[in-house]
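Here the structure comes first, spelled out in C-alpha coordinates, and everything after it is commentary.
Below, chains carry the letters A, B, ... as their sequence lines are ordered, and counting in each starts from 1. Below, all heavy atoms of this structure are taken into account, side chains as well, without hydrogens, waters or symmetry copies.
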There are 2 protein chains.
Amino acid sequence: MRSKLARPLPLYARAKQALMQKLGSGVWRAGEKLPPEPALAASLGVSQGTVRRALDDIAKANLIVRRQGRGTFVAEHTQARALFHFFHLVGDDGRRALPGSRMLSLKAGPATRDESQRLGLAPSARVVRLQRLRLLEGAAAIVERIVVPAALFQGLDVRDRADLPNELYKLYQDRFGVSVARAAERLKAVAASPEDAAYLGLRSGAPLLEIDRIAFALDGRACEWRVSRCSTHRHHYVSEVV
Amino acid sequence: MRSKLARPLPLYARAKQALMQKLGSGVWRAGEKLPPEPALAASLGVSQGTVRRALDDIAKANLIVRRQGRGTFVAEHTQARALFHFFHLVGDDGRRALPGSRMLSLKAGPATRDESQRLGLAPSARVVRLQRLRLLEGAAAIVERIVVPAALFQGLDVRDRADLPNELYKLYQDRFGVSVARAAERLKAVAASPEDAAYLGLRSGAPLLEIDRIAFALDGRACEWRVSRCSTHRHHYVSEVV
DNA sequence: CATCTTCTATCTTATAGAAGACTATGCGCT
DNA sequence: AGCGCATAGTCTTCTATAAGATAGAAGATG
(Lines give C-alpha, C1' and ligand atoms only; values in the text may rest on other atoms or scores of the structure.)
Protein backbone atom coordinates (compact mmCIF):
# COMPACT_ATOMS: atom_id res chain seq x y z
CA MET A 1 0.00 0.00 0.00
CA ARG A 2 2.20 2.87 -1.18
CA SER A 3 1.07 6.25 0.00
CA LYS A 4 2.18 9.04 -2.33
CA LEU A 5 2.32 8.62 -6.04
CA ALA A 6 2.12 5.08 -7.33
CA ARG A 7 5.79 4.85 -8.20
CA PRO A 8 6.64 1.78 -10.22
CA LEU A 9 8.71 -0.87 -8.51
CA PRO A 10 12.38 -0.84 -9.44
CA LEU A 11 13.30 -2.93 -12.41
CA TYR A 12 15.01 -5.67 -10.42
CA ALA A 13 11.88 -6.07 -8.30
CA ARG A 14 9.72 -6.46 -11.38
CA ALA A 15 12.19 -8.97 -12.78
CA LYS A 16 11.96 -10.86 -9.50
CA GLN A 17 8.18 -10.89 -9.69
CA ALA A 18 8.29 -12.18 -13.24
CA LEU A 19 10.67 -14.95 -12.24
CA MET A 20 8.65 -15.83 -9.15
CA GLN A 21 5.56 -16.07 -11.26
CA LYS A 22 7.29 -18.47 -13.60
CA LEU A 23 8.49 -20.51 -10.66
CA GLY A 24 4.99 -20.64 -9.21
CA SER A 25 3.41 -21.60 -12.49
CA GLY A 26 5.62 -24.64 -12.79
CA VAL A 27 7.47 -23.62 -15.94
CA TRP A 28 10.56 -25.11 -14.33
CA ARG A 29 10.05 -28.12 -12.11
CA ALA A 30 11.76 -28.80 -8.80
CA GLY A 31 15.42 -29.59 -9.25
CA GLU A 32 15.49 -28.36 -12.83
CA LYS A 33 18.06 -25.95 -14.11
CA LEU A 34 17.04 -22.43 -15.02
CA PRO A 35 18.39 -20.83 -18.20
CA PRO A 36 21.74 -19.10 -17.74
CA GLU A 37 21.74 -15.51 -16.57
CA PRO A 38 22.38 -13.90 -19.94
CA ALA A 39 19.46 -15.81 -21.44
CA LEU A 40 17.13 -14.78 -18.63
CA ALA A 41 18.32 -11.22 -18.97
CA ALA A 42 17.57 -11.23 -22.68
CA SER A 43 14.15 -12.82 -22.23
CA LEU A 44 13.19 -10.26 -19.59
CA GLY A 45 14.72 -7.36 -21.49
CA VAL A 46 17.02 -6.29 -18.66
CA SER A 47 20.74 -6.43 -18.07
CA GLN A 48 22.50 -9.40 -16.55
CA GLY A 49 23.27 -7.40 -13.44
CA THR A 50 19.59 -6.73 -12.87
CA VAL A 51 18.57 -10.34 -13.36
CA ARG A 52 21.38 -11.28 -10.98
CA ARG A 53 19.99 -9.10 -8.26
CA ALA A 54 16.56 -10.65 -8.73
CA LEU A 55 17.99 -14.16 -8.62
CA ASP A 56 20.02 -13.37 -5.52
CA ASP A 57 16.87 -12.18 -3.80
CA ILE A 58 15.04 -15.35 -4.69
CA ALA A 59 17.97 -17.48 -3.62
CA LYS A 60 17.93 -15.73 -0.25
CA ALA A 61 14.41 -17.01 0.26
CA ASN A 62 15.65 -20.54 -0.46
CA LEU A 63 13.46 -20.90 -3.53
CA ILE A 64 16.35 -21.48 -5.90
CA VAL A 65 19.89 -22.70 -5.45
CA ARG A 66 22.83 -21.15 -7.26
CA ARG A 67 25.97 -23.11 -7.89
CA GLN A 68 29.00 -21.48 -9.36
CA GLY A 69 30.02 -23.14 -12.57
CA ARG A 70 26.90 -25.28 -12.78
CA GLY A 71 23.89 -23.06 -12.93
CA THR A 72 20.77 -22.00 -11.05
CA PHE A 73 18.34 -24.70 -9.94
CA VAL A 74 14.82 -24.78 -8.54
CA ALA A 75 15.06 -25.69 -4.85
CA GLU A 76 14.03 -29.20 -3.92
CA HIS A 77 12.59 -30.31 -0.64
CA THR A 78 15.43 -32.53 0.33
CA GLN A 79 15.78 -34.14 3.70
CA ALA A 80 18.44 -31.62 4.65
CA ARG A 81 16.15 -28.72 3.80
CA ALA A 82 13.32 -30.22 5.82
CA LEU A 83 15.70 -30.74 8.70
CA PHE A 84 17.29 -27.33 8.78
CA HIS A 85 14.60 -25.00 7.52
CA PHE A 86 11.31 -26.55 8.52
CA PHE A 87 12.01 -28.69 11.55
CA HIS A 88 13.08 -26.73 14.57
CA LEU A 89 13.12 -29.36 17.29
CA VAL A 90 16.63 -30.18 18.38
CA GLY A 91 17.89 -32.60 20.99
CA ASP A 92 19.08 -30.97 24.19
CA ASP A 93 22.54 -32.29 23.35
CA GLY A 94 22.41 -30.17 20.19
CA ARG A 95 21.92 -32.96 17.70
CA ARG A 96 19.23 -32.75 15.05
CA ALA A 97 17.38 -35.83 13.95
CA LEU A 98 14.52 -36.23 11.52
CA PRO A 99 11.57 -37.81 13.26
CA GLY A 100 10.06 -41.08 12.11
CA SER A 101 6.31 -41.28 11.58
CA ARG A 102 3.46 -43.60 12.42
CA MET A 103 0.22 -42.82 10.63
CA LEU A 104 -2.79 -42.72 12.90
CA SER A 105 -5.62 -41.72 10.60
CA LEU A 106 -6.38 -40.20 7.21
CA LYS A 107 -9.78 -39.05 6.05
CA ALA A 108 -11.43 -36.44 3.89
CA GLY A 109 -14.40 -34.20 4.65
CA PRO A 110 -15.79 -30.67 4.50
CA ALA A 111 -13.72 -28.01 6.23
CA THR A 112 -14.76 -26.70 9.60
CA ARG A 113 -15.01 -22.96 10.06
CA ASP A 114 -11.56 -22.80 11.60
CA GLU A 115 -10.03 -24.85 8.82
CA SER A 116 -11.48 -22.86 5.97
CA GLN A 117 -10.52 -19.63 7.72
CA ARG A 118 -6.94 -20.63 8.44
CA LEU A 119 -6.41 -22.07 4.97
CA GLY A 120 -8.23 -19.30 3.15
CA LEU A 121 -10.79 -21.62 1.61
CA ALA A 122 -14.44 -21.26 0.75
CA PRO A 123 -16.67 -22.34 3.64
CA SER A 124 -16.88 -26.12 3.87
CA ALA A 125 -14.52 -26.69 0.95
CA ARG A 126 -13.23 -30.23 0.96
CA VAL A 127 -10.14 -30.97 3.02
CA VAL A 128 -8.07 -34.01 3.85
CA ARG A 129 -7.06 -34.56 7.46
CA LEU A 130 -4.34 -36.77 8.74
CA GLN A 131 -2.93 -37.57 12.10
CA ARG A 132 0.51 -38.92 12.77
CA LEU A 133 2.61 -39.88 15.71
CA ARG A 134 6.20 -38.84 15.29
CA LEU A 135 9.16 -40.54 16.87
CA LEU A 136 12.44 -38.99 17.91
CA GLU A 137 15.20 -41.50 18.52
CA GLY A 138 12.62 -44.23 18.63
CA ALA A 139 10.43 -42.66 21.28
CA ALA A 140 7.01 -41.10 20.61
CA ALA A 141 7.55 -37.36 20.88
CA ILE A 142 5.05 -35.48 18.72
CA VAL A 143 1.37 -35.81 17.93
CA GLU A 144 0.66 -34.16 14.61
CA ARG A 145 -2.65 -33.11 13.12
CA ILE A 146 -2.49 -32.00 9.48
CA VAL A 147 -5.18 -30.45 7.27
CA VAL A 148 -4.75 -29.76 3.56
CA PRO A 149 -7.20 -28.46 0.93
CA ALA A 150 -8.39 -31.39 -1.18
CA ALA A 151 -8.43 -29.16 -4.26
CA LEU A 152 -4.66 -28.77 -4.20
CA PHE A 153 -4.00 -32.44 -3.63
CA GLN A 154 -6.29 -34.23 -6.03
CA GLY A 155 -6.00 -37.95 -5.55
CA LEU A 156 -4.64 -37.88 -2.02
CA ASP A 157 -6.75 -40.63 -0.65
CA VAL A 158 -7.44 -43.13 2.08
CA ARG A 159 -5.57 -45.62 -0.07
CA ASP A 160 -2.42 -43.63 0.66
CA ARG A 161 -2.79 -44.25 4.33
CA ALA A 162 -0.20 -46.98 4.46
CA ASP A 163 2.56 -45.59 2.36
CA LEU A 164 2.80 -41.88 2.92
CA PRO A 165 6.43 -40.87 3.23
CA ASN A 166 7.96 -39.36 6.26
CA GLU A 167 8.65 -36.07 4.51
CA LEU A 168 5.32 -34.75 3.33
CA TYR A 169 6.69 -31.58 1.72
CA LYS A 170 8.68 -33.62 -0.75
CA LEU A 171 5.53 -35.58 -1.56
CA TYR A 172 3.56 -32.36 -2.05
CA GLN A 173 6.21 -31.18 -4.47
CA ASP A 174 6.86 -34.38 -6.41
CA ARG A 175 3.35 -35.74 -6.68
CA PHE A 176 1.19 -32.64 -6.62
CA GLY A 177 3.48 -29.88 -7.82
CA VAL A 178 2.90 -27.87 -4.66
CA SER A 179 6.14 -26.37 -3.38
CA VAL A 180 6.08 -25.11 0.17
CA ALA A 181 7.90 -21.79 0.06
CA ARG A 182 7.48 -20.47 3.58
CA ALA A 183 5.55 -21.04 6.75
CA ALA A 184 4.28 -19.07 9.73
CA GLU A 185 4.43 -20.72 13.12
CA ARG A 186 2.68 -19.88 16.38
CA LEU A 187 3.86 -21.55 19.54
CA LYS A 188 2.09 -22.11 22.81
CA ALA A 189 2.56 -24.21 25.90
CA VAL A 190 -0.47 -26.42 26.45
CA ALA A 191 -1.49 -29.21 28.78
CA ALA A 192 -1.54 -32.70 27.29
CA SER A 193 -5.04 -34.01 26.68
CA PRO A 194 -5.71 -37.56 27.82
CA GLU A 195 -5.37 -38.62 24.18
CA ASP A 196 -2.04 -36.80 23.72
CA ALA A 197 -0.83 -38.25 26.98
CA ALA A 198 -1.69 -41.79 25.92
CA TYR A 199 0.15 -41.45 22.63
CA LEU A 200 3.21 -39.87 24.18
CA GLY A 201 3.37 -41.96 27.30
CA LEU A 202 2.96 -38.96 29.61
CA ARG A 203 0.45 -38.16 32.28
CA SER A 204 -2.53 -36.11 31.24
CA GLY A 205 -1.88 -32.39 31.84
CA ALA A 206 1.85 -32.62 31.20
CA PRO A 207 3.19 -29.49 29.47
CA LEU A 208 3.52 -29.81 25.69
CA LEU A 209 4.87 -27.39 23.13
CA GLU A 210 2.20 -26.77 20.52
CA ILE A 211 3.45 -25.63 17.13
CA ASP A 212 0.66 -24.28 14.95
CA ARG A 213 1.93 -23.84 11.41
CA ILE A 214 0.42 -22.56 8.19
CA ALA A 215 2.52 -23.46 5.15
CA PHE A 216 2.35 -21.33 2.01
CA ALA A 217 2.99 -22.44 -1.56
CA LEU A 218 5.07 -20.51 -4.07
CA ASP A 219 2.03 -18.56 -5.24
CA GLY A 220 1.36 -17.44 -1.68
CA ARG A 221 -1.72 -19.59 -1.06
CA ALA A 222 -1.96 -21.52 2.20
CA CYS A 223 -1.50 -25.20 1.44
CA GLU A 224 -1.28 -26.88 4.82
CA TRP A 225 -2.34 -26.36 8.40
CA ARG A 226 -0.35 -28.44 10.84
CA VAL A 227 -0.58 -28.56 14.61
CA SER A 228 2.20 -30.47 16.33
CA ARG A 229 2.12 -31.15 20.04
CA CYS A 230 5.63 -31.94 21.19
CA SER A 231 7.09 -33.36 24.29
CA THR A 232 10.05 -31.17 25.16
CA HIS A 233 11.62 -33.27 27.85
CA ARG A 234 14.72 -34.06 25.88
CA HIS A 235 14.29 -31.59 23.01
CA HIS A 236 13.81 -27.91 22.45
CA TYR A 237 12.68 -25.60 19.67
CA VAL A 238 15.40 -23.36 18.26
CA SER A 239 14.95 -19.87 16.91
CA GLU A 240 17.58 -17.44 15.68
CA VAL A 241 16.79 -13.81 16.12
CA VAL A 242 18.58 -11.04 14.28
CA MET B 1 36.18 -24.28 8.44
CA ARG B 2 37.06 -24.22 4.74
CA SER B 3 38.19 -27.52 3.37
CA LYS B 4 40.41 -27.21 0.31
CA LEU B 5 42.90 -24.44 -0.11
CA ALA B 6 42.51 -21.49 2.20
CA ARG B 7 41.02 -19.21 -0.41
CA PRO B 8 40.81 -15.62 0.69
CA LEU B 9 37.35 -14.34 1.35
CA PRO B 10 35.93 -12.19 -1.44
CA LEU B 11 36.75 -8.55 -1.15
CA TYR B 12 33.27 -7.49 -0.14
CA ALA B 13 33.35 -9.99 2.72
CA ARG B 14 36.64 -8.62 3.96
CA ALA B 15 35.26 -5.11 3.67
CA LYS B 16 32.26 -6.25 5.71
CA GLN B 17 34.51 -7.69 8.39
CA ALA B 18 36.50 -4.50 8.58
CA LEU B 19 33.33 -2.45 8.95
CA MET B 20 31.89 -4.83 11.52
CA GLN B 21 35.04 -4.58 13.52
CA LYS B 22 34.83 -0.82 13.51
CA LEU B 23 31.20 -1.03 14.57
CA GLY B 24 32.06 -3.40 17.38
CA SER B 25 34.93 -1.27 18.61
CA GLY B 26 32.66 1.71 19.03
CA VAL B 27 34.30 3.99 16.48
CA TRP B 28 30.80 5.11 15.61
CA ARG B 29 28.27 5.24 18.39
CA ALA B 30 24.67 4.12 18.23
CA GLY B 31 22.60 6.45 16.10
CA GLU B 32 25.62 8.15 14.60
CA LYS B 33 26.08 8.62 10.89
CA LEU B 34 28.73 6.66 9.07
CA PRO B 35 30.89 8.38 6.47
CA PRO B 36 29.36 8.38 2.97
CA GLU B 37 30.01 5.42 0.71
CA PRO B 38 32.73 7.04 -1.39
CA ALA B 39 34.67 7.98 1.76
CA LEU B 40 34.39 4.47 3.18
CA ALA B 41 35.42 3.03 -0.16
CA ALA B 42 38.50 5.23 -0.22
CA SER B 43 39.46 4.43 3.36
CA LEU B 44 39.13 0.69 2.72
CA GLY B 45 40.80 0.84 -0.65
CA VAL B 46 37.91 -0.74 -2.55
CA SER B 47 35.34 0.53 -4.99
CA GLN B 48 32.07 2.07 -3.95
CA GLY B 49 30.18 -0.92 -5.32
CA THR B 50 32.08 -3.27 -3.08
CA VAL B 51 31.54 -1.19 0.03
CA ARG B 52 27.89 -0.95 -0.93
CA ARG B 53 27.53 -4.69 -0.97
CA ALA B 54 29.20 -4.94 2.44
CA LEU B 55 26.91 -2.25 3.86
CA ASP B 56 23.85 -3.93 2.40
CA ASP B 57 24.85 -7.16 4.12
CA ILE B 58 25.27 -5.42 7.44
CA ALA B 59 21.98 -3.61 7.01
CA LYS B 60 20.28 -6.95 6.41
CA ALA B 61 21.42 -8.01 9.87
CA ASN B 62 19.80 -4.85 11.28
CA LEU B 63 23.09 -3.49 12.57
CA ILE B 64 22.93 -0.32 10.49
CA VAL B 65 20.10 1.59 8.88
CA ARG B 66 20.40 3.13 5.45
CA ARG B 67 18.29 6.06 4.40
CA GLN B 68 18.32 7.33 0.89
CA GLY B 69 19.39 10.91 0.72
CA ARG B 70 20.43 11.05 4.38
CA GLY B 71 23.13 8.52 5.01
CA THR B 72 23.93 5.31 6.84
CA PHE B 73 23.42 5.17 10.59
CA VAL B 74 24.37 2.79 13.37
CA ALA B 75 21.22 0.96 14.44
CA GLU B 76 19.68 1.96 17.73
CA HIS B 77 17.68 -0.22 20.05
CA THR B 78 14.45 1.62 19.71
CA GLN B 79 11.20 0.43 21.11
CA ALA B 80 10.07 -0.64 17.69
CA ARG B 81 13.17 -2.75 17.21
CA ALA B 82 12.71 -4.41 20.57
CA LEU B 83 9.10 -5.07 19.71
CA PHE B 84 9.53 -6.50 16.25
CA HIS B 85 12.92 -8.14 16.37
CA PHE B 86 13.45 -9.28 19.93
CA PHE B 87 10.03 -9.80 21.41
CA HIS B 88 8.09 -12.60 19.81
CA LEU B 89 5.07 -12.88 22.05
CA VAL B 90 1.94 -11.69 20.31
CA GLY B 91 -1.61 -11.50 21.52
CA ASP B 92 -3.90 -14.17 20.11
CA ASP B 93 -5.82 -11.37 18.42
CA GLY B 94 -2.62 -10.51 16.53
CA ARG B 95 -1.75 -7.33 18.38
CA ARG B 96 1.75 -6.77 19.69
CA ALA B 97 2.35 -4.93 22.92
CA LEU B 98 5.54 -4.27 24.82
CA PRO B 99 5.28 -5.70 28.29
CA GLY B 100 5.65 -3.58 31.37
CA SER B 101 8.06 -4.66 34.10
CA ARG B 102 8.15 -5.02 37.86
CA MET B 103 11.60 -5.62 39.30
CA LEU B 104 11.74 -8.49 41.75
CA SER B 105 15.40 -8.68 42.67
CA LEU B 106 18.87 -7.59 41.59
CA LYS B 107 22.12 -8.88 43.01
CA ALA B 108 25.67 -9.68 42.01
CA GLY B 109 27.73 -12.78 42.70
CA PRO B 110 30.08 -15.38 41.25
CA ALA B 111 28.75 -17.29 38.23
CA THR B 112 27.51 -20.81 38.63
CA ARG B 113 28.89 -23.47 36.33
CA ASP B 114 25.87 -23.19 34.04
CA GLU B 115 26.12 -19.44 33.90
CA SER B 116 29.81 -19.28 33.08
CA GLN B 117 29.36 -21.99 30.48
CA ARG B 118 26.37 -20.40 28.76
CA LEU B 119 27.94 -16.94 28.79
CA GLY B 120 31.41 -18.13 27.85
CA LEU B 121 33.00 -16.73 31.00
CA ALA B 122 35.84 -17.89 33.19
CA PRO B 123 34.63 -20.14 36.01
CA SER B 124 33.04 -18.12 38.77
CA ALA B 125 33.51 -14.81 37.00
CA ARG B 126 31.31 -12.15 38.50
CA VAL B 127 27.78 -11.82 37.18
CA VAL B 128 24.76 -9.70 37.93
CA ARG B 129 21.40 -11.43 38.21
CA LEU B 130 18.03 -9.84 38.03
CA GLN B 131 14.51 -11.08 38.16
CA ARG B 132 11.53 -9.30 36.76
CA LEU B 133 7.86 -9.86 36.44
CA ARG B 134 6.51 -8.68 33.13
CA LEU B 135 3.01 -7.54 32.46
CA LEU B 136 1.03 -7.81 29.26
CA GLU B 137 -1.99 -5.58 29.13
CA GLY B 138 -1.73 -5.09 32.84
CA ALA B 139 -1.73 -8.75 33.78
CA ALA B 140 1.34 -10.65 35.00
CA ALA B 141 2.38 -12.86 32.10
CA ILE B 142 6.12 -13.54 32.22
CA VAL B 143 8.64 -14.34 34.92
CA GLU B 144 12.08 -13.33 33.71
CA ARG B 145 15.47 -14.32 35.09
CA ILE B 146 18.41 -12.43 33.58
CA VAL B 147 22.14 -12.98 34.06
CA VAL B 148 24.82 -10.67 32.64
CA PRO B 149 28.61 -10.65 33.03
CA ALA B 150 29.59 -7.97 35.52
CA ALA B 151 32.73 -7.22 33.51
CA LEU B 152 30.69 -5.93 30.59
CA PHE B 153 28.39 -3.85 32.72
CA GLN B 154 30.68 -2.07 35.16
CA GLY B 155 28.63 -0.07 37.58
CA LEU B 156 25.37 -1.95 37.18
CA ASP B 157 24.45 -2.11 40.78
CA VAL B 158 21.90 -2.75 43.45
CA ARG B 159 21.33 0.99 43.45
CA ASP B 160 19.83 0.59 39.98
CA ARG B 161 17.17 -1.71 41.33
CA ALA B 162 14.47 0.90 41.39
CA ASP B 163 14.98 2.69 38.10
CA LEU B 164 15.99 0.15 35.51
CA PRO B 165 14.12 0.86 32.31
CA ASN B 166 11.71 -1.49 30.69
CA GLU B 167 13.90 -1.97 27.66
CA LEU B 168 17.21 -3.34 28.90
CA TYR B 169 18.87 -3.56 25.49
CA LYS B 170 18.63 0.19 25.08
CA LEU B 171 20.20 0.59 28.52
CA TYR B 172 23.01 -1.81 27.61
CA GLN B 173 23.69 0.25 24.53
CA ASP B 174 23.37 3.75 25.93
CA ARG B 175 25.00 3.28 29.31
CA PHE B 176 27.49 0.48 28.71
CA GLY B 177 28.17 0.62 24.98
CA VAL B 178 27.07 -2.99 24.55
CA SER B 179 24.94 -3.41 21.43
CA VAL B 180 22.94 -6.62 21.22
CA ALA B 181 23.37 -7.77 17.65
CA ARG B 182 21.63 -11.14 17.62
CA ALA B 183 20.26 -13.79 19.91
CA ALA B 184 19.70 -17.53 19.97
CA GLU B 185 16.52 -18.80 21.57
CA ARG B 186 15.59 -22.26 22.81
CA LEU B 187 11.97 -22.94 23.64
CA LYS B 188 10.44 -25.58 25.84
CA ALA B 189 7.11 -26.22 27.47
CA VAL B 190 7.53 -26.56 31.21
CA ALA B 191 5.32 -26.91 34.25
CA ALA B 192 4.96 -23.82 36.43
CA SER B 193 6.84 -24.06 39.69
CA PRO B 194 4.96 -22.99 42.80
CA GLU B 195 6.90 -19.72 42.66
CA ASP B 196 6.09 -19.13 38.98
CA ALA B 197 2.48 -19.97 39.69
CA ALA B 198 2.26 -17.50 42.54
CA TYR B 199 3.69 -14.67 40.43
CA LEU B 200 1.49 -15.42 37.45
CA GLY B 201 -1.67 -16.24 39.32
CA LEU B 202 -1.84 -19.77 37.93
CA ARG B 203 -1.98 -23.09 39.62
CA SER B 204 1.29 -24.88 40.13
CA GLY B 205 2.05 -27.25 37.25
CA ALA B 206 0.28 -25.14 34.64
CA PRO B 207 2.02 -25.26 31.25
CA LEU B 208 4.39 -22.35 30.59
CA LEU B 209 6.45 -21.49 27.54
CA GLU B 210 10.08 -21.18 28.58
CA ILE B 211 12.23 -19.02 26.33
CA ASP B 212 15.93 -19.48 27.00
CA ARG B 213 17.89 -16.80 25.18
CA ILE B 214 21.57 -16.00 24.83
CA ALA B 215 22.15 -12.50 23.44
CA PHE B 216 25.35 -11.70 21.58
CA ALA B 217 27.06 -8.34 21.29
CA LEU B 218 28.46 -6.89 18.06
CA ASP B 219 31.83 -8.54 18.67
CA GLY B 220 30.16 -11.92 18.98
CA ARG B 221 30.57 -12.33 22.74
CA ALA B 222 27.59 -13.51 24.78
CA CYS B 223 26.36 -10.60 26.84
CA GLU B 224 23.13 -11.81 28.40
CA TRP B 225 21.42 -15.02 29.40
CA ARG B 226 17.71 -14.62 29.84
CA VAL B 227 15.11 -17.20 30.74
CA SER B 228 11.51 -16.10 30.37
CA ARG B 229 8.65 -18.24 31.54
CA CYS B 230 5.51 -17.11 29.80
CA SER B 231 1.88 -17.77 30.26
CA THR B 232 0.49 -18.46 26.80
CA HIS B 233 -3.18 -18.39 27.60
CA ARG B 234 -3.88 -15.28 25.58
CA HIS B 235 -0.60 -14.99 23.72
CA HIS B 236 1.61 -16.99 21.44
CA TYR B 237 5.17 -16.94 20.19
CA VAL B 238 5.54 -16.18 16.49
CA SER B 239 8.19 -17.53 14.17
CA GLU B 240 8.54 -17.03 10.45
CA VAL B 241 10.22 -19.83 8.59
CA VAL B 242 11.63 -19.47 5.11
C1' DC C 1 45.37 -39.83 -17.52
C1' DA C 2 46.40 -35.06 -18.23
C1' DT C 3 45.20 -30.96 -20.62
C1' DC C 4 42.30 -27.82 -22.97
C1' DT C 5 38.10 -25.64 -24.04
C1' DT C 6 33.68 -24.09 -22.99
C1' DC C 7 29.92 -22.93 -20.15
C1' DT C 8 28.53 -21.32 -16.06
C1' DA C 9 28.08 -18.25 -11.95
C1' DT C 10 30.88 -14.99 -8.99
C1' DC C 11 33.52 -10.97 -8.01
C1' DT C 12 35.08 -6.25 -8.82
C1' DT C 13 35.15 -1.94 -10.78
C1' DA C 14 33.30 2.01 -13.32
C1' DT C 15 29.83 5.17 -14.92
C1' DA C 16 25.58 7.64 -15.20
C1' DG C 17 21.39 9.14 -13.87
C1' DA C 18 17.28 9.10 -10.52
C1' DA C 19 15.47 10.27 -6.22
C1' DG C 20 15.31 11.70 -1.30
C1' DA C 21 16.77 15.12 2.12
C1' DC C 22 18.72 19.13 3.69
C1' DT C 23 20.63 24.04 3.17
C1' DA C 24 21.04 28.29 1.23
C1' DT C 25 19.60 31.68 -1.70
C1' DG C 26 16.72 34.99 -3.40
C1' DC C 27 12.40 36.97 -4.27
C1' DG C 28 8.03 39.05 -3.11
C1' DC C 29 5.32 40.78 0.38
C1' DT C 30 4.14 43.27 4.61
C1' DA D 1 14.02 45.64 7.50
C1' DG D 2 11.92 41.39 8.41
C1' DC D 3 9.07 37.47 7.29
C1' DG D 4 7.39 33.55 4.38
C1' DC D 5 8.01 30.72 0.65
C1' DA D 6 9.52 28.72 -3.50
C1' DT D 7 13.56 27.28 -5.80
C1' DA D 8 18.17 25.92 -6.75
C1' DG D 9 22.12 23.56 -5.27
C1' DT D 10 24.43 19.90 -2.98
C1' DC D 11 25.05 15.67 -0.60
C1' DT D 12 23.50 11.32 -0.04
C1' DT D 13 21.82 6.63 -1.23
C1' DC D 14 19.49 3.98 -4.87
C1' DT D 15 18.99 2.02 -9.52
C1' DA D 16 20.72 0.30 -13.78
C1' DT D 17 24.04 -1.07 -17.06
C1' DA D 18 28.39 -2.66 -18.84
C1' DA D 19 32.62 -4.98 -19.04
C1' DG D 20 36.35 -7.70 -17.64
C1' DA D 21 38.68 -10.87 -14.37
C1' DT D 22 38.09 -15.08 -11.62
C1' DA D 23 36.78 -19.65 -10.47
C1' DG D 24 34.15 -24.00 -10.48
C1' DA D 25 32.29 -27.84 -13.36
C1' DA D 26 31.92 -30.71 -17.28
C1' DG D 27 33.10 -32.63 -21.52
C1' DA D 28 36.32 -33.12 -25.46
C1' DT D 29 40.80 -33.98 -26.96
C1' DG D 30 45.37 -35.56 -26.97
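Across residues 57-65 of chain B, not one residue has a non-hydrogen atom less than 4.0 Å from an atom of DNA chain D.
An angle of 20°, rounded to 10°, separates the two end axes of the helix from C:dC1-D:dG30 to C:dT30-D:dA1, each defined over five pairs.
If you take CZ of B:R70 and C1' of C:dC22, they are 9 Å apart, rounded to a whole angstrom. Going from atom NZ of B:K33 over to atom P of C:dA21 covers 14 Å, rounded to whole Å. If you measure from atom CG of A:L44 to atom C1' of D:dT17, you get 15 Å, rounded to the nearest angstrom.
With sequence neighbours left out, the salt bridge (charged side-chain N to carboxylate O under 4.0 Å, His left out) criterion links A:E144 to A:R132, A:R134, A:R226. Among residues two or more places apart in sequence or in another chain, the salt bridge (charged side-chain N to carboxylate O under 4.0 Å, His left out) test is passed with B:E37 by B:R52, B:R66. Listed by chain and residue number, B:E185 satisfy the salt bridge (charged side-chain N to carboxylate O under 4.0 Å, His left out) test with B:R213 (two or more places apart in sequence, or in another chain).
Looking at heavy atoms from C-beta onward, A:Y237 lies out of side-chain contact with A:C230 at the 4.5 angstrom threshold. When side chains are defined from C-beta on, A:Q173 does not count as touching A:V180, because their heavy atoms never get closer than 4.5 Å. Using a 4.5 Å heavy-atom cutoff, the side chains of A:H236 and B:D212 are not in contact. Annotation: side chain of B:V178 is in contact with side chain of B:F153 (closest heavy-atom distance under 4.5 Å).
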Using a cut-off of 4.0 Å between protein heavy atoms and nucleotide atoms, how would you tag nucleotides 10-17 of chain C 5' to 3' with B, S and -?
BSSBS---
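Scanning all heavy atoms of the two residues, the minimum distance from A:F84 to A:R96 falls at CE2-CD, 3.5 Å. Taking every heavy atom of both residues into account, A:A222 and A:L152 meet most closely at O-CD1, 4.1 Å.
Between B:H77 and B:F86, the ring planes are tilted. Angles from 30° to 60° get that label.
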